[in-house]
Amino acid sequence: MPEYSQVQLYIECAETDFKEVRDRFIRCLSEYGFEHSYLQTYFGTIEWELSDNFFMYTGCNAERTSLLKNNILVSIRPALIGLTPYVFTELQKNVVELALFFESDHIIDDYINAHLKKEWQPLIWDVICLFHKHFSETAIYFTDEATDGQPWEALISKQIQSNYWSFDAAIIPNQLDTDNIQPPQSTFYTETRIDHIVFARKVVWDQPPWDHPNQYFPIK
């Protein structure tokens with residue numbers, strides 16, 4: 001059983017641009033309801049700093065906290081991780097992964113299909129939309145512990161037909177080089193928008209989550 005599920009994105013980031021990406025993440029989390037003191041403690045002063053294995057872990061140390069959303073106490077932990085061409089040779093530049101982690105036990109009621117509890121479906125989609133609001137230039141994925149990072153790794157390694165569709169929901173901007181990606185239509189709800197496409201795995205969601213009325217951060 002997966003221990004965590006996450007909304008995650010990957011964005012190219014030169015070392016000189018790291019502060020701008022970090023601060024955008026802080027603004028995103030602030031809009032979601034994280035306290036200023038929490039964000040400053042765990043993200044406000046971090047700099048680009050690689051470990052011996054060429055990952056940047058300095059943004060992974062945040063403590064789990066709880067926020068009240070739609071009368072549900074959401075246990076949540078944000079993370080910022082730096083990835084480099086030293087580790088992922090397909091990369092031309094450094095990449096920053098930004099993520100919000102949820103405890104799967106809290107949000108899933110069927111581990112065979114990873115079906116989300118009804119009350120959690122609009123909450124998870126809201127986070128996906130909020131990430132898209134602040135980082136519309138890249139894809140936003142909802143995955144679990146088993147599929148963590150797989151869509152992005154499939155994309156950068158051009159192994160599209162293997163693990164790319166392992167996400168349970170996504171917002172993918174049109175400018176990504178995905179012309180040859182053909183989603184399994186029987187598996188996903190999909191809808192094409194002006195500048196992006198939205199996806200949601202049918203066994204995970206009761207309906208297309210973008211049609212749910214209870215959204216704080218709807219996207220057009």
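Numbering of residues begins at 1 and proceeds along the displayed sequence.
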Counting distance only, does the side-chain N/O of [X] pair as donor-acceptor with the main-chain N or O of [Y] below 3.5 Å?
X    : Y    : answer
W120 : H106 : yes
Q121 : W205 : no
Y38  : E63  : yes
Y111 : D105 : yes
K69  : Y32  : yes
S104 : Y4   : yes

Original post:
Taking only residues two or more places apart in sequence, or in another chain, which ones meet R201 in a salt bridge (Lys or Arg N to Asp or Glu O under 4.0 Å)?
Top reply: D168

Original post:
If you round to the nearest 0.5 Å, how far is SG of C60 from CZ of R77?
Top reply: 7.0 Å

Subject >> Rounded distance [0.5 Å steps], OG1 in T187 versus CH2 in W165 >> reply: 9.5 Å

Original post:
Taking the six-membered ring where the residue is Trp, are the ring centres of F142 and F167 under 6.0 Å apart?
Top reply: no

Original post:
Under 6.0 Å between ring centres, would you say that holds for W210 and F199?
Top reply: no

Is the shortest distance from a Lys or Arg side-chain nitrogen in [X] or [Y] to a carboxylate oxygen in the other one below 4.0 Å?
X    : Y    : value
R193 : E191 : yes
K19  : D23  : yes
E137 : R24  : yes

For the [atom1] atom on [X], are there more than 12 heavy atoms of other groups (residues, nucleotides or ligands in this structure) within a distance under 6.0 Å?
X   : atom1 : result
E35 : CD    : no
K93 : NZ    : no
E90 : CD    : yes

**OP:** Find out whether the Lys NZ or Arg CZ of K202 is both under 6.0 angstrom from the six-membered ring centre of F188 and within 45° of the ring's axis.
**Re:** no

